[in-house]
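What you are looking at is a predicted structure, and each value in this text was computed from that prediction instead of being measured. Hydrogens, waters and symmetry mates are skipped; everything else that's a heavy atom, side chains included, is used.
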Amino acid sequence: MPRNGFQLDLNLCTGCAACVVACAIENELPWGTSWRWVDTFNPERLPGIPVHHLSLACNHCEDAPCADACPAVAYHRDPDTGAVLLDGDKCIGCRYCTWACPYDAPKFDAGAGVVTKCTFCNHRQREGLAPACVNQCPTGALRVGPLSDLDGDVDVQGFPRTGARPSLRFRPLRAGVPRHAPADDADPVGGRDRAHWGALAASLHPSRYDARPVSRGTLPSKASLGTEWPLWFFSLAVSFLAGLMASPAGRSVLSTSFFVGVMVLAAAASTLHLGRQERAWRAVLGWRTSWLSREILLFNAFGLAGAASLLGLLPEWRMAGVSAADTAVALLGFATLYAVDRVYRVTGTPGVERHSARAILTGLLVATVVATPALVWMAVVGYKLLLYGARKHQRAESGEPWRARASTLRVASTLVGAALVAGGTPVASLLLGPGAGAETLLSGAAPVTTLVGLILLALGEMVDRGEFYQELTIPTPARQVRADLMSLVKALE
């Protein structure tokens, strides 16, 4: 059987939501929930801009990002219908697939502790019946059939552009209506210049866009510090430990019991994020495609190797005077931090790869503060603050909240902390000294100002990592609708 897909005729869809109700009834979903929804493009009916409705559900993509991201291998594809299906008995409720899907199709069921999603009405298709949403569409706007037989496009306003190859085709609006949102630096809209559409808008609505009628309210986010605080703690704990384990000076600060205790607490905190904690063992099964699985495997390898190193159980192989075992532990630690950072790339958040709170940068800061001359770790501090400032400027320019109080706390604590740590350092030690001096910290000879400075540096990292979760903006069709609509409004101004 050929791979099936949906087709939506934008000229026929009225946004009546009969498909939404049909989906909820057919699948016996809880009241007020559905696996299908309708997003309206240009709900304010601004003149000169097309209005159409997007009836959306899971697109059962050929390169399904949800399945690749799932650490529990809970997804599979029906070879006959092409439906991407989720096995609720295997799902651990980590919600990582909801981050990875740009179409907002997987939904987390807090009551059951697992993710659910559109099944393509696979049970109906196997009986030769159309999905319930298609069957109940009163205008015939929604159809299903072999993808090769469905005409149309996937590049329409309001629909996320990705490489997932969704099993969905749109019949575009009739000729004469602009179809594509222009780039920020492009003037033409639908092949006509700005003057044409401006004149049309003025003739229909003389006040045009002076009132800026497009809603600019904050769209709901799938992630925030309030929901992801266990991951905040986990990522900071691993960053600090990996940084300390990267040098003999750092390792001298750690006792085996402290290292193991923090690693256990970090692991326990990460499971609080799961809807079904008893299935946490499944999280490593997706290592072939999921960075979340790779992060967990590397974290455990780092924990075991680090504990063995602190206990003196690793062989004393040395190369050029450097312990091969300690080097391996350090590399495992930073490989874990790299995996932590890769986990968040699926969100598609702008600038996530250049964020000042990346785990690997925090680990580098800890490692250099403990073991390198002041000029080295201060250069790391400066680089992180440069990234931080650039991000804040970009958010302010785009009209997004830049959180003045949190920013002040982050910058002030970092600058004061760096000044206190470096303040008592002799000039010669700025170039050659051993950082904050792990030996003096252990012996109790470190100045109080140094201890306070280290605490302030840690506070700055904690604030920055908290903002990282607040700023995650996972793509959804609703966000794409907003972005494309604003692009058209900008072009008409």
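- Formation of a donor-acceptor pair under 3.5 Å by the Thr368 side chain with backbone atoms of Val376 is not found in this model.
- Between the side chain of Thr227 and the backbone N or O of Ala223, no donor-acceptor pair lies under 3.5 Å.
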Q) Run the salt bridge (Lys or Arg N to Asp or Glu O under 4.0 Å) check on Arg358 and Asp341 step by step: do they pass? A) CA-CA 6 Å; Arg358 280 180 298 162; Asp341 290 334; 5.3 Å; no
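- Here the side chains of Pro106 and Leu86 are not in contact, with every heavy-atom distance at 4.5 Å or above.
- Between the OG1 atom in Thr349 and the OH atom in Tyr469 there is a gap of 11.5 Å [rounded to 0.5 Å].
- The backbone N or O of Gln157 sits less than 3.5 Å from a side-chain atom of His52, completing a donor-acceptor pair.
- Annotation: His393, atom NE2; neighbour count of heavy atoms from other residues, nucleotides and ligands within 6.0 Å does not exceed 12.
- With sequence neighbours excluded, the residues that form a side-chain hydrogen bond (donor to acceptor under 3.5 Å, both in side chains) with Arg276 are Glu278.
- Between the CH2 atom in Trp402 and the CZ atom in Arg405 there is a gap of 11.5 Å [rounded to 0.5 Å].
- Counting only distance, with no hydrogens or angles, the side chain of Arg77 and the backbone of Val84 share no donor-acceptor pair below 3.5 Å.
- Distance alone, capped at 3.5 Å, places no donor-acceptor pair between the Ser356 side chain and the Leu385 backbone.
- Of the inter-residue distances, the one linking Leu415 atom CG with Leu457 atom CG reads 9.5 Å to the nearest 0.5 angstrom.
- Here the straight-line distance linking atom CZ of Arg482 with atom CZ of Phe41 works out to 12.0 Å at 0.5 Å rounding.
- Residue Cys97 comes nearest to Tyr75 through the heavy atom pair SG-OH, 3.1 Å, listed as atom of the first residue, atom of the second, then distance.
- Atom OH of Tyr338 and atom CD1 of Ile360 lie 8.5 Å apart (nearest 0.5 Å).
- Annotation: salt bridge (charged side-chain N to carboxylate O under 4.0 Å, His left out) contacts involving residues 219-231, sequence neighbours excluded, comprise Asp104-Lys222.
- Here the side chain of Arg279 pairs no donor or acceptor atom with the backbone of Gly93 at under 3.5 angstrom.
- For residues 297-306, there are no salt bridge (charged side-chain N to carboxylate O under 4.0 Å, His left out) pairs, not counting sequence neighbours.
- Take Arg403 and apply the salt bridge (Lys or Arg N to Asp or Glu O under 4.0 Å) test, not counting sequence neighbours, and it matches Glu471.
- Taking the centre of each ring, Phe259 and Phe302 come in below the 6.0 Å mark.
- Judged by distance alone, the side chain of Asp39 and the main-chain N or O of Leu54 form no donor-acceptor pair under 3.5 Å.
- Phe468 meets the ring pair (Phe, Tyr, Trp, His ring centres under 6.0 Å) test with Tyr344, His355; sequence neighbours excluded.
- Every side-chain contact (heavy atoms from CB on, under 4.5 Å) that Ser247 has, sequence neighbours left out, goes to Ala249, Val370, Ala371.
- Counting only residues at least two apart or on different chains, the side chain to side chain donor-acceptor pair (under 3.5 Å) pairs with a member in residues 285-312 are Ser309-Asp326.
- Within 6.0 Å of atom CD in Gln394, 12 or fewer heavy atoms from other residues, nucleotides or ligands are found, so the atom counts as exposed in its surroundings.
- Applying the salt bridge (charged side-chain N to carboxylate O under 4.0 Å, His left out) rule to pairs touching residues 58-71 yields Arg3-Glu62, Glu62-Arg165, Asp63-Arg165, sequence neighbours excluded.
- Here Glu353 pairs with Arg345 under the side-chain hydrogen bond (donor to acceptor under 3.5 Å, both in side chains) rule; sequence neighbours left out.
- For Ser407, the side-chain hydrogen bond (donor to acceptor under 3.5 Å, both in side chains) partners two or more places apart in sequence, or in a different chain, are Tyr388, Lys392.
- Checking each of Val489, Asp484, Ile49 against Asn42 for a side chain to side chain contact (heavy atoms under 4.5 Å, CB included) leaves exactly one that passes, namely Ile49.
- Without hydrogens or angle criteria, Asp109 side chain to Thr116 main chain gives no donor-acceptor distance under 3.5 Å.
- Evaluated for a side chain to side chain contact (heavy atoms under 4.5 Å, CB included) with Phe159, the options Asn59, Asp153, Val481 yield exactly one hit, Asn59.
- Distance alone, capped at 3.5 Å, places no donor-acceptor pair between the Arg395 side chain and the Glu400 backbone.
- Atoms SG and NZ, on Cys101 and Lys107 in that order, are 8.5 Å from each other to the nearest 0.5 Å.
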(Q) For Arg465 and Thr362: C-alpha separation, side-chain torsions, deciding distance, then whether side chain to side chain donor-acceptor pair (under 3.5 Å) applies. (A) CA-CA 9 Å; Arg465 190 67 184 180; Thr362 300; over 6 Å; no
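- Using a cut-off of 4.0 Å between Lys/Arg side-chain N and Asp/Glu carboxylate O, Arg282 and Asp89 are scored as not salt-bridged.
- Looking at residues two or more places apart in sequence or on another chain, you find no side-chain hydrogen bond (donor to acceptor under 3.5 Å, both in side chains) involving Trp232.
- Inter-residue side-chain proximity for Tyr96 and Val346 is flagged as met; some heavy-atom pair is nearer than 4.5 Å.
- The list of salt bridge (charged side-chain N to carboxylate O under 4.0 Å, His left out) pairs with a residue in residues 373-387, not counting sequence neighbours, reads Lys384-Glu461.
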